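Predicted model, so just to flag it, every value in this text is computed and none were measured.
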Amino acid sequence: MRRVRYESTGGPLFLEEAPVPRPGPGELLLRCEAVGVTLPVVRKVAGAAEPIALGGEVAGRVVAVGSGVDGFRVGERVTGLCFGHGYADFALVHRSMASPVPDDASAVDAVALVRSGLVALGALAAARPEPGETALVTAAASGVGHLAVQLARARGADRVVGAVSDRAKSGFVRALGADDVVAYDQDDWGVPADYVLDAVGGDLLTPAVAALAPGGRLVAYSSGGGTVQAYDLLVGAKSVIGFQMALVAREEPQLCELRRRELWRLFAQGALKPSVHGEFALEDATEAHAVIESRRNLGKVVLVP
């Protein structure tokens, strides 16, 4: 089979031939039809001291199952999270990280919706939204952010504001249902928000906290780090809440399953529409990474083996 690999920090990425892996206990072997490209993986390629296996969201058909697997069969369409080599023709997914793909959805829909949707829905739940509130979503055009904009509305937000790095993304974010769009470099982000879903971190935390109304909540789910001044929280009785998808997946798998069902229900109703910026062949993985790295994407970036 073909898979994408690299040998030194920063790349380059290249295709190589490798044996098709065999599923171990509790694992499914998928023939990949779509693979999601995420910012955390792009960052690891750029900065990890040692090369990593390029894993992440995958979707395809089950071609083999390991011992102890129940609930899945050969030929079934599945999406899930791969912790090994996922940029490949075949990938291994643990049964606990897998879920069926409905008949009315494509593999590309699945990788654009499920993992990013679980992050967006989890961050939204951490914000404890109330009907009629104002929501602000940073990185609103990203793979997670464009779903968060829609989910905030579905969960009862009266006003949704998208924050973006480039004003050229405004039309895309408004088409998702946002009432307004602000650029990161604006001095005034408009109407104070009751909660902020922040996927950026770093220096953007300061204006994001400033954009909160008194008593507002910021949910940080970025891998970008950053520091919040305690005084900025004290003067407005504001709070910052951390959210990590991996922790929820590990500690509350039943909650993840309930949220997966909610995502597919909203998808079937047309209330949640994943957007795909582009589909790239495996041999074009470098180009796909460049789109993410430059923040040019409007929605999800997907590899199609």
Which heavy atom in [X] sits nearest to a heavy atom in [Y], and how many Å separate them?
| X | Y | value |
| --- | --- | --- |
| S142 | A139 | OG-O, 2.7 Å |
| A288 | L303 | CB-CD2, 3.9 Å |
| T9 | A49 | OG1-O, 3.7 Å |
| V219 | A126 | CG2-C, 3.9 Å |
| P305 | A34 | CD-N, 4.1 Å |
| N297 | H277 | CA-ND1, 3.3 Å |

Does atom [atom1] ([X]) have a neighbourhood of more than 12 heavy atoms from anything else shown, all under 6.0 Å?
| X | atom1 | value |
| --- | --- | --- |
| E50 | CD | no |
| Q229 | CD | no |
| R73 | CZ | no |
| R31 | CZ | no |
| D166 | CG | yes |

With the 4.5 Å side-chain cut-off for hydrophobic clustering, are [X] and [Y] part of the same group?
| X | Y | result |
| --- | --- | --- |
| L92 | V62 | no |
| V58 | M97 | yes |
| V4 | V42 | yes |
| Y221 | V41 | no |
| L272 | V149 | yes |

Verify salt bridge (charged side-chain N to carboxylate O under 4.0 Å, His left out) between R5 and E7, making sure each step is shown before the conclusion.
CA-CA 7 Å; R5 199 166 67 83; E7 293 181 340; 3.5 Å; yes
Could you give the distance from [atom1] ([X]) to [atom2] ([Y]), rounded to the nearest 0.5 Å?
| X | Y | atom1 | atom2 | answer |
| --- | --- | --- | --- | --- |
| Q150 | R153 | CD | CZ | 11.0 Å |
| L247 | E252 | CG | CD | 7.5 Å |
| L13 | L54 | CG | CG | 6.5 Å |
| D194 | R159 | CG | CZ | 11.5 Å |
| I292 | R296 | CD1 | CZ | 9.5 Å |
| R259 | L118 | CZ | CG | 8.0 Å |

Would you sort out whether V63 and F90 count as a side chain to side chain contact (heavy atoms under 4.5 Å, CB included), showing the intermediate values?
CA-CA 9 Å; V63 295; F90 296 87; 4.2 Å; yes
For the pair H146 and F172, name the ring-plane relationship: parallel under 30°, tilted 30 to 60°, perpendicular over 60°.
tilted
Heavy-atom check, side chain of [X] versus side chain of [Y], under 4.5 Å:
| X | Y | result |
| --- | --- | --- |
| T138 | L136 | yes |
| L212 | R217 | no |
| L233 | V240 | yes |
| D179 | T134 | no |
| L218 | I241 | no |
| F14 | T286 | no |
| R95 | E27 | no |
| L28 | P23 | no |

With H289, the ring pair (Phe, Tyr, Trp, His ring centres under 6.0 Å) member among F280, Y6, Y87:
Y87
Where the side chain of [X] meets the backbone of [Y], is there a donor-acceptor pair that is under 3.5 Å apart?
| X | Y | value |
| --- | --- | --- |
| E287 | D284 | no |
| K238 | D232 | no |
| R250 | M245 | no |
| Q269 | A271 | no |

Please walk me through it: do S275 and L298 pass side chain to side chain contact (heavy atoms under 4.5 Å, CB included)?
CA-CA 7 Å; S275 180; L298 303 176; 5.7 Å; no
Salt bridge (Lys or Arg N to Asp or Glu O under 4.0 Å) with R2: of E283, E16, E17, only one passes, and it is E283
Audit row: V114, R260, side chain to side chain contact (heavy atoms under 4.5 Å, CB included) steps and yes/no:
CA-CA 7 Å; V114 177; R260 284 191 195 100; 4.2 Å; yes
When V111, V93, D109 are each screened for side chain to side chain contact (heavy atoms under 4.5 Å, CB included) with T79, the one that passes is V111
Could you go through S116 and K300, starting from their C-alpha distance and side-chain angles, then the distance that decides it, and tell me whether this counts as side chain to side chain donor-acceptor pair (under 3.5 Å)?
CA-CA 9 Å; S116 294; K300 194 73 174 177; 3.1 Å; yes
Output, in order, the C-alpha distance, side-chain angles, deciding distance and verdict of salt bridge (charged side-chain N to carboxylate O under 4.0 Å, His left out) for E262 and R155.
CA-CA 11 Å; E262 181 177 357; R155 284 289 183 94; 3.2 Å; yes
Please report the C-alpha distance between T227 and L205 in whole Å, then the side-chain angles of each, then the deciding distance to 0.1 Å, and finally whether the side chain to side chain contact (heavy atoms under 4.5 Å, CB included) criterion is met.
CA-CA 7 Å; T227 302; L205 281 174; 5.9 Å; no
